[in-house]
Amino acid sequence: LVSSDFVVLPAINSMTGASGRQRADRGFIVNLKILIPPLPTQQKIADILSAYDDLIENNNSRIELLEKVAQNLYKEWFARFRFPNYKETKFENGLPLGWKIFKLSELVETQYGYTASAESENGGPKFLRITDIAQKNLNWGNVPYCKIEEKELLKYLLEEGDILVARTGATVGYAKRINKNSPQAIFASFLVRLKPKNKKLGLMIGMVVESEQYKSFIQAIATGAAQPQANAQLLTLFSMIVPDDNLVNSFNSIVEPINDQIENLLMKNRNLIKQRDLLLPRLMSGKLEV
């Protein structure tokens, strides 16, 4: 309730005319009257909002399960080598015949991000920052906007399959892959874009770069004690196994639908959170009957 329009907006309005460092008027806040409905009404409101919370939590559990399915499949096939028909496969130097180990620098192109200030209002594309990709899931609803000239937009415009990696600070090595249903967006200067040269390998590269192993590797080799730094060269030193084309296609056919389900559930959660947060002040004020 304290974070709702009943308190926040009047508190902001009480700053009008203040000079220097603006702050809400303490006397105004102390004397502010808050409408609290009767207890039975509060319980009904709690039941309504809890239903939203239950749906969100259920979707989160499904997302976590789907992520584990994809991760376990990758480990089973490409770490334990228990892929389809592995018993009939010949091995050479510890790898299935035809498989190779590549550094990321051989598999991706790199690009540093755009330097600009984030804008809260929609005056251009979304502006993806380190703080956005350091979260467990990328929430486009919380990503700000940015002003950029048309001639620069195409240079930094994100596409499906792009992988963004933080190159500085405590979150160096954190990464996110851009999926299908993303808004028009560009990326900030403290991020490096990894663009797979072979799009078929995009899902595999994305899983590798988003893994804890990759993050730990980058944090171990990052320079600077107080403020860790990793340039594009360091970010692409990590090595990964690349199997034959048939197995890549099989892997993609299983994991791509999983990613689509995860993205769909994340979009549902964003909508549920938005609806829930809009309902609270209206229910508390009596504008909507319970």
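Values in this document were obtained by computation on a predicted structure and should not be read as measured data. The figures that follow rest on heavy atoms only: side chains count, while hydrogens, waters and symmetry mates do not.
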Trp99 and Phe81 aromatic ring geometry - parallel, tilted or perpendicular at 30°/60° bounds: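 Phe81 vs Trp99 ring planes: perpendicular.
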Mutual orientation of the aromatic rings belonging to Tyr156 and Tyr114 [parallel < 30°, tilted 30-60°, perpendicular > 60°]: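 Tyr156 vs Tyr114 ring planes: tilted.
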Does a donor on one side chain and an acceptor on the other come within less than 3.5 Å for [X] and [Y]?
X	Y	result
Asn179	Arg177	yes
Asp132	Asn142	no
Thr223	Gln229	no

Just so I know, are the side chains of [X] and [Y] near enough to count as touching, which here means a heavy-atom distance under 4.5 Å?
X	Y	value
Ile218	Leu235	yes
Asp53	Arg276	yes
Leu73	Trp77	yes

Interatomic distance, Glu106 atom CD to Ser239 atom OG [nearest 0.5 angstrom]: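 One finds 8.0 Å between CD of Glu106 and OG of Ser239.
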Nearest heavy atoms of [X] and [Y], plus distance in Å:
X	Y	answer
Trp140	Pro183	CD2-CD, 3.4 Å
Met204	Ile241	CE-O, 3.8 Å
Asp162	Arg193	OD2-NH1, 2.8 Å

Verdict with reasoning, Lys147 to Glu121, per salt bridge (charged side-chain N to carboxylate O under 4.0 Å, His left out): CA-CA 10 Å; Lys147 293 178 181 177; Glu121 296 183 3; over 6 Å; no
Verdict with supporting geometry, Lys176 and Ile163, side-chain contact (heavy atoms from CB on, under 4.5 Å): CA-CA 6 Å; Lys176 284 289 184 293; Ile163 303 156; over 6 Å; no
Backbone N/O of Lys155 and side chain of Gln111: donor-acceptor pair under 3.5 Å: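 Side chain of Gln111 to backbone of Lys155, a donor-acceptor pair under 3.5 Å: yes, one is there.
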Backbone N/O of Ile178 and side chain of Ser182: donor-acceptor pair under 3.5 Å: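 No.
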Crowding at CD, Gln275 (>12 non-hydrogen neighbours, <6.0 Å):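 Buried by this count: over 12 neighbours within 6.0 Å.
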NZ/NE/NH1/NH2 to OD/OE distance under 4.0 Å, Arg82 and Glu76: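 Yes, this pair counts.
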